[in-house]
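Worksheet: the structure to be examined is printed underneath.
For the single chain, residues carry numbers from 1 onward in sequence order.
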Amino acid sequence: MKKLIIIIFILLISLAGCSYTKSSNKQITNPMTFAKAEIGSTFYSKNNDTTYKSIQKYTNNDSSKTGVTSTNNNTFRTAFSYLLIENTQTHEFYLGYFGDVINETPSPMKYTGDMKVTLDKKTKLNMPKSTNLVDELDSGTKKRGYALVKLDSQNQPNQIEITLNQPLDTYHQQYYGKKVHITLHANSDS
C-alpha cells in the first residue's frame, strides 16, 4: 500500500512539473537563440530592460531553416536573423538583427556595424551600431549581439534590403573585402 501511495505521489508531482514547464514562457536573452527561435518568442534586452516579441522573419533562398542569413566577406562572416519585433509594453515595431560576427581571417578585424536598410524599396534606415558587436575581433574569434531600430510605422515591410559595410582590418588600417548586399523577404512560414 505504501508503495502504491509513493508511486501515485511521484506521478502527481511529475505531472504537475510537466504542466508547469509547458505553461511557463521563458524569455530568451541570448541573441543567437532568439535568432533561431520560432515567431512569437520573446527576447529580454538587458541593455534597456525591455522585452520584445518576434513578429516576422526576413529570409532569402540562402537563409537556414531557422531563418539565419549568413554572409562571407573573404572569411569575415556574419550569421544574422533579421526580424520585425514588437516592444511588449509600448507595442511599437522595431527592425532588428540578432546573431554572430565571426573573424576567420588571419588578421584582427573590427566589425564596424555600418549597416544601411531599405524597406520595401523606399524607406531608408541607418541601423544603429550594436554595442555588443562593434569591436575588434582577433583571428578565429566571434562576437554575439544585436541591434534595433524603431520603425515610424506599424506597417510590416514585405522586403528589406541590407548593405553591410566592410570590416576594418586593424593591422593594415584599411577596409577588408567588399560591401555585402542582400535582399530579404517576409517569410511566409512566419
Side-chain angles (χ1 to χ4, degrees), residues 19-60 63-71 77-102 110-120 122-137 141-165 167 180 182-190:
S19 65
Y20 175 75
T21 303
K22 288 178 185 175
S23 66
S24 64
N25 188 7
K26 186 179 178 196
Q27 293 178 334
I28 300 168
T29 57
N30 180 313
M32 185 52 92
T33 302
F34 186 63
K36 295 177 179 180
E38 293 180 8
I39 293 301
S41 299
T42 57
F43 177 78
Y44 175 71
S45 171
K46 295 176 187 175
N47 295 349
N48 60 5
D49 191 31
T50 304
T51 300
Y52 299 94
K53 178 181 174 183
S54 61
I55 304 295
Q56 178 69 62
K57 285 190 181 188
Y58 294 90
T59 60
N60 63 21
S63 302
S64 72
K65 290 180 182 178
T66 58
V68 175
T69 305
S70 298
T71 64
R77 302 176 192 275
T78 65
F80 294 139
S81 186
Y82 299 89
L83 296 162
L84 178 68
I85 58 175
E86 178 184 23
N87 180 313
T88 59
Q89 299 230 325
T90 65
H91 302 289
E92 297 168 316
F93 282 180
Y94 291 76
L95 185 66
Y97 66 93
F98 298 79
D100 296 339
V101 291
I102 306 128
K110 180 175 183 178
Y111 176 71
T112 62
D114 293 329
M115 180 185 297
K116 294 187 181 348
V117 180
T118 305
L119 307 176
D120 292 328
K122 55 186 175 194
T123 307
K124 296 187 185 297
L125 304 171
N126 283 320
M127 184 67 76
K129 295 182 181 193
S130 167
T131 55
N132 304 24
L133 293 173
V134 177
D135 199 0
E136 185 172 312
L137 289 92
T141 61
K142 74 177 175 180
K143 281 269 201 184
R144 181 163 287 167
Y146 64 96
L148 312 171
V149 63
K150 184 178 165 187
L151 300 181
D152 293 333
S153 163
Q154 291 296 96
N155 296 334
Q156 296 183 19
N158 292 317
Q159 175 181 304
I160 60 174
E161 296 174 32
I162 308 287
T163 303
L164 296 166
N165 203 16
V180 175
I182 52 178
T183 300
L184 304 164
H185 298 278
N187 188 333
S188 60
D189 296 336
S190 298

Assess whether side-chain contact (heavy atoms from CB on, under 4.5 Å) is satisfied between Phe43 and Leu83, documenting all intermediate values. CA-CA 12 Å; Phe43 177 78; Leu83 296 162; over 6 Å; no
Which atom of Ile85 lies closest to which atom of Phe98, heavy atoms considered: CD1-CZ, 4.0 Å
What one should report as the nearest heavy-atom pair of Gly145 and Asn132 is CA-CB, 3.8 Å
Closer than 3.5 angstrom, by distance alone: can the side chain of [X] be matched with the main-chain N or O of [Y] as a donor-acceptor pair?
X      : Y      : result
Ser153 : Asn155 : yes
Thr88  : Thr51  : yes
Lys57  : Ala35  : yes
Gln154 : His91  : yes

Using the salt bridge (charged side-chain N to carboxylate O under 4.0 Å, His left out) rule, collect all pairs that involve residues 142-157, keeping only residues at least two apart or in two chains.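 Every pair satisfying salt bridge (charged side-chain N to carboxylate O under 4.0 Å, His left out) with a residue in residues 142-157: Glu92-Lys150, Asp100-Lys142, Asp100-Arg144, Asp135-Lys143.
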Check the pair His185, Thr183 against side-chain contact (heavy atoms from CB on, under 4.5 Å), reporting the backbone distance first and the verdict last. CA-CA 7 Å; His185 298 278; Thr183 300; 4.0 Å; yes
Near Lys129 NZ, under 6.0 Å, is it more than 12 heavy atoms from other residues, nucleotides or ligands?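 Atom NZ in Lys129 is crowded, with more than 12 foreign heavy atoms closer than 6.0 Å.
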Report, as yes or no, whether the 6.0 Å neighbourhood of atom CD on Gln156 holds more than 12 heavy atoms from other residues, nucleotides or ligands. yes
Compare all side-chain heavy atoms of [X] with those of [Y] and state whether any distance is below 4.5 angstrom.
X      : Y      : answer
Asn47  : Tyr146 : yes
Asn87  : Phe93  : no
Leu151 : Leu125 : yes
Ile162 : Phe80  : no
Leu95  : Tyr58  : yes
Gln89  : Thr50  : no
Asn60  : Tyr82  : no

The test is side-chain contact (heavy atoms from CB on, under 4.5 Å); show your working for Thr69 and Tyr97 and say whether it passes. CA-CA 10 Å; Thr69 305; Tyr97 66 93; over 6 Å; no
At what distance, to the nearest 0.5 angstrom, does CE of Met115 lie from CG of Leu133? 8.5 Å
Does the pair Lys110 and Val134 meet the rule for a side-chain contact (heavy atoms from CB on, under 4.5 Å), with working shown? CA-CA 7 Å; Lys110 180 175 183 178; Val134 177; 4.0 Å; yes
Output all residues satisfying salt bridge (charged side-chain N to carboxylate O under 4.0 Å, His left out) with Asp120, sequence neighbours left out; order by chain, then residue number. none
Is the closest side-chain donor-acceptor distance between Ser54 and Ser41 under 3.5 Å?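 Judged by distance alone, the side chains do not pair up.
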